[in-house]
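The next block holds one structure in the form of structure tokens; read it before the comments.
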Protein chains: 4
Amino acid sequence: MARVRVGVAGYGTIGQRLADGVALQGDMELVGVADLAPTLAIRALKEKGMPYDLYLVDGADRAGFDALGIPVSGTFQDLIGKVDVMLDSSPGGVGAKNKLLYEKAGIKAIFQGGEKNSVADVFFHGYANYEKGVGADYLKLTSCNTTGLIRAVDALDRAAGVSKVAITIIRRVADPGDYHRGLTNALQIDKAPSHQAVDLMTIMPHVEATGILVHTPVTHGHIITVVASGKDGKKITREQALECFEAHPRIRVVSIADGFLGNASFFKYARDLGNPRGDMYEIGLWSDSIVETGNDIMFAINIPQESVTIPETIAGVRAAMKMQLTREEGTRETNKYLGIGKFKK
Amino acid sequence: MARVRVGVAGYGTIGQRLADGVALQGDMELVGVADLAPTLAIRALKEKGMPYDLYLVDGADRAGFDALGIPVSGTFQDLIGKVDVMLDSSPGGVGAKNKLLYEKAGIKAIFQGGEKNSVADVFFHGYANYEKGVGADYLKLTSCNTTGLIRAVDALDRAAGVSKVAITIIRRVADPGDYHRGLTNALQIDKAPSHQAVDLMTIMPHVEATGILVHTPVTHGHIITVVASGKDGKKITREQALECFEAHPRIRVVSIADGFLGNASFFKYARDLGNPRGDMYEIGLWSDSIVETGNDIMFAINIPQESVTIPETIAGVRAAMKMQLTREEGTRETNKYLGIGKFKK
Amino acid sequence: MARVRVGVAGYGTIGQRLADGVALQGDMELVGVADLAPTLAIRALKEKGMPYDLYLVDGADRAGFDALGIPVSGTFQDLIGKVDVMLDSSPGGVGAKNKLLYEKAGIKAIFQGGEKNSVADVFFHGYANYEKGVGADYLKLTSCNTTGLIRAVDALDRAAGVSKVAITIIRRVADPGDYHRGLTNALQIDKAPSHQAVDLMTIMPHVEATGILVHTPVTHGHIITVVASGKDGKKITREQALECFEAHPRIRVVSIADGFLGNASFFKYARDLGNPRGDMYEIGLWSDSIVETGNDIMFAINIPQESVTIPETIAGVRAAMKMQLTREEGTRETNKYLGIGKFKK
Amino acid sequence: MARVRVGVAGYGTIGQRLADGVALQGDMELVGVADLAPTLAIRALKEKGMPYDLYLVDGADRAGFDALGIPVSGTFQDLIGKVDVMLDSSPGGVGAKNKLLYEKAGIKAIFQGGEKNSVADVFFHGYANYEKGVGADYLKLTSCNTTGLIRAVDALDRAAGVSKVAITIIRRVADPGDYHRGLTNALQIDKAPSHQAVDLMTIMPHVEATGILVHTPVTHGHIITVVASGKDGKKITREQALECFEAHPRIRVVSIADGFLGNASFFKYARDLGNPRGDMYEIGLWSDSIVETGNDIMFAINIPQESVTIPETIAGVRAAMKMQLTREEGTRETNKYLGIGKFKK
């Protein structure tokens, strides 16, 4: 069977990782990536010897790329003509404009969290609503926080039934190397409810969700605390929660006692593992954070914001292209090629 | 009636503010403060012209103080001999040793949050269990986070009845000017449940509490999110919550829309108000953080960690010395002298 | 003699402090302050009982102020009509537009560091070129870093002669409570030479200056290291440097050994002193940072960025209004009213 | 010829990278690494499938390792018996104790920057004094800041002659994932002169050096500004400096205009390059920071603190084991195996 041809629009924090992830899939072909300017990411691509072909979007200064000796394989339109599906990780708003090009060319696309939901037919999460994406032309992924959050809540919901969650998002304010955003010696609060809670309800409409988000001046990993209630007031025990989290291939259950003292520990650990870029696809979950509160259960998770959406996005390709028709198969193939879950006993 | 004579042991972050607070009470006399070394706080005291008399604890280098021209009024033992009650804000563990001196001299004492509960007869909170402290010899105050948290939960409990709370503490890791503690680009999580939740249950035994604490690299104000359940499953509405918070003299209800974007806004506002040291006695509560979650209510508060315990500690003096026998009178007198609540409509 | 009538345009970080400083001058009258929106600073002004009259600039939403119960004394044009000189601390670029109003009304003005030099007749520093400002209509103050830097270099120059300086500015990236700027886990470097070095040469044309600026994620006080060369290769000794710094009323010589461990120590000390807003007018200079390097001298200073320009700006009023004709008199009067230099032996 | 057998004592931040670096050398054999406790680094080693053999130092809890299923190859004494040279990156002070074991076993050792100079025969820098280490039994490497600093100063010295440097070290306070050290919203200054300046004089005795160090709350890369004077007052031009830096294989010359905005840009770039752990062996040097100041030259460098000492340490093995007798050969072989300098045109 011919491999599915995939392009990546926007070679930034997410785009780079999507390209890396697609390149690992044995049944997909990464045709190329498209971007506008010779950013550090593009310069690194060149220094690495151009493992991926580069295409330039409209408005790019071709002469500037030539002067730097960066090989260019064609225009964005050229790339569109060569792929079955585009992973669009352009800056917010650009994806909506690109969609017109995709429609004209008759290709499918998956948009990242920065776009409005209306850009897509399906608001998608690889684990929670895979089947909704099967055969769809335009998907939009949940954002990094929501993707990680839903992984945990979906796991708990399938194991024990969840009717309600109240979340507190302790958000990292910028990615490593980001100078455009920043917060210095301040915690910043957003108007409640947070959009992540609202988004969760869109993906999991049988769950009532609300939450408060506080930005913090760090760069590695959001921490979310979740208070979850069972269905019909049924108690969720600590054991039930722990068991379903430990069984999940994309959840890494750790403990403070083992040395995972906070969000920076996951980044350090991923670097020590030798993972490219020090990335981790799994969310972290502290076993020693799980506590019962009446019939409800409370716990804390860590979201590696740069990489968490990659597997769910690749599952989106599988769903949209009908490569696998069920959640079980789609996530299993994705996990296999990304090496997810091997560390589980 | 003679004014109650008060001493302060330990002229650090809390001790300085206790001294300032006691000095404002018309019915108390600040006899003096005791410390060990010529810290910046002591040097500032000298530069200000010694508004408070200084006594030296055992082990202090008297010659060092003399060389710097810092007037010394006597020994810690001298101070003990002149007061009715000591506010002990010594480093953790020292208070327990000091207690032997207080017992020998027959004076009362109020210990700060760093000491073990066993140092005192009553674990005390000026609003929630004032009556328990009436006439007691040794009180221990709740810590800063717990003090602020209980203010809000106690207010809600008296208005609507609270049976259960699940809290997320987003803790500032060090005070301004503190070089001994610190956290850099990391969020650090503590084993759950947090001691603040456990302490809340000691003060308010009819409430079930649990929670997760995450340290963050900032210096101004803890933020706590609270999910509170009513008694017997009874719903607590947003309006009920907002109303009781707005009625509380030690809770400052603000909104993000007004410019209170996070914890640093409170510090800025207190500085702009001209408050000494930029301190604020009130906790902050964001009206636009209050959301309903099923029958429960969720909201976020800001705890000015350096100053929040001052009014509750001074209320402790009133209780222990039987200056006022009821919570209403004790807190009212404290608020009057500290100027708390004037901003309320 | 009638008091000089002063207005303040822009009640932000600098404007608030200028208003406070002018209000302390026995020979000046603070007529009022002007601003656009009900910021936290304006809300605090109201909560304090309006110690200063408030005027609204064009475009302000008067109804919004009325709804909040904030008394308004008139328009910016009204304020202009009542003053002899305006201290303009509007956002960058606004001052240049305001100047047209000042010219039309025939009043003088002093602009803050954010404006372009061309807005003024004289680029002014209260200590280094006071005489140039005498009788001038429009002055522009040096920025906070440059103001503090020149204080130290001017002191050294008058004592020992300086021909050349190479500076490294370790800049705090945002003020406390500022959510609009920020930097998280990064040091950011500017293209050399820094504007502060260039500005120093404008004020002190006989000195050759260059430097490198690095932004750091903190909010309290810039630290600058200075390598200074004497005239004609003449050696500057550590003793000479220390002596002239200790003699300067606006330089606070401290040591690490005394507890001044970094920039946050000055802020803590100012708070402990009870200074309004925890401000300090003096720059700090670490005696244990002064080292000789060949014939040159190297040292480090701390710049309290929010308040350092206040005395030099008020000296500007004295110069422009010919209240005092010499640097000695102008700075002496300013220091007297602001309480600067009292701590010196 | 038999490969030189190398062990690594202490599998922390430096030890892990030394092991990785040695494993890349075609003429060395990494026999194993030794440590005390199942840290995150050791747990990652296990998850990676034990690419390096693990030996346990005295006091390690062998049963604890067994319980975690971590294979142990023997004791530290066993490892010592199998190697020609030990790279000792134990915590400060431990190396001195280990030396007794090395002496007894008759093996050579290279100690990291945390040990006292007296532990070794030669205080070593791979580029500046390679020949001094040839055949020596015990070397001590310069610390990370000093290693990077000397690279740049040595390059300039060989090209243009340097007589004097005055440095300002803007130090990152902790490594990523380090919770034991930290600084929050503060710059902390050390007593001058900094030890790095003193160390530079030990390695390059013909240069007079002094400097000031300021700790900053970031985790990626020290920035150092250097003011360098030529020999006998001879001018060093911007062109001379730029040329010698661009020619150096371990110096990466970049510009702000290209997107290297600060220290975090280097870390991001190394991650984007796909470098293991996001590490970089080269120091960075901003071309747009180089400015002339009289006859002197000023510039800024970036030191990747976790990895910068690795090549200089491996060069130490080559020197001590007489694998190459000259600086040119020793550094060339090291660079070849580490892939250093390939990006240079």
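Within every chain, numbering begins at 1; the chains are lettered A, B, ... in the order of the sequence lines, protein sequences first and strands thereafter.
- For C:T293, the parts sitting under 4.5 Å from any heavy atom of chain D are the backbone and the side chain alike.
- Of all residues spanning residues 278-289 of chain D, those with a heavy atom less than 4.5 Å away from chain C's heavy atoms are D:W286, D:D288, D:S289, arranged by number.
- By a heavy-atom distance cut of under 4.5 Å, D:A166, D:I167, D:T168, D:I170 are the residues of residues 166-175 of chain D near chain C, going up by number.
- Distance OG1/D:T210 to CD1/C:I290: 12.0 Å, rounded to 0.5 Å.
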| field | Verdict with supporting geometry, C:D296 and D:K164, side-chain contact (heavy atoms from CB on, under 4.5 Å) | value | CA-CA 11 Å; C:D296 300 340; D:K164 196 179 68 162; 3.1 Å; yes
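- The line from OG1 of C:T225 to CD1 of D:I212 is 5.5 Å long, rounded to the nearest 0.5 Å.
- Residue contact with chain C, scored on non-hydrogen atoms closer than 4.5 Å, involves the backbone and the side chain of D:Q188 alike.
- Heavy-atom neighbours of D:H180 NE2 from other residues, nucleotides or ligands within 6.0 Å: at or below the threshold of 12.
- Nearest heavy atom pair, residue D:V291 against residue C:A192, reads CG1-CB, 3.7 Å.
- Neither the backbone nor the side chain of D:F267 comes within less than 4.5 Å of any heavy atom of chain C.
- Other residues, nucleotides and ligands place more than 12 heavy atoms under 6.0 Å from the NZ atom of C:K235.
- Contact count against chain C (heavy-atom pairs under 4.5 Å) is highest for D:M298 among D:M298, D:K191, D:E292.
- Counting non-hydrogen atoms of neighbouring residues, nucleotides and ligands closer than 6.0 angstrom, the CZ atom of D:R158 exceeds 12 such neighbours.
- When the options C:L183, C:T216, C:N185 are evaluated for a side chain to side chain contact (heavy atoms under 4.5 Å, CB included) with D:V218, the one that passes is C:N185.
- Across D:T219, D:T184, D:D190, D:V214, the residue that shares the most heavy-atom pairs under 4.5 angstrom with chain C is D:T219.
- For chain C, the nearby part of D:I256 is the side chain; its heavy atoms alone come within less than 4.5 Å.
- Rounding to the nearest 0.5 Å gives a distance of 11.5 Å between CD1 of D:I189 and OG of C:S255.
- Of the listed residues C:A197, C:P217, C:S194, the one with more heavy-atom pairs under 4.5 angstrom with chain D than any other is C:P217.
- The neighbour count for C:R181 CZ, taken as heavy atoms of other residues, nucleotides or ligands under 6.0 Å away, does not exceed 12.
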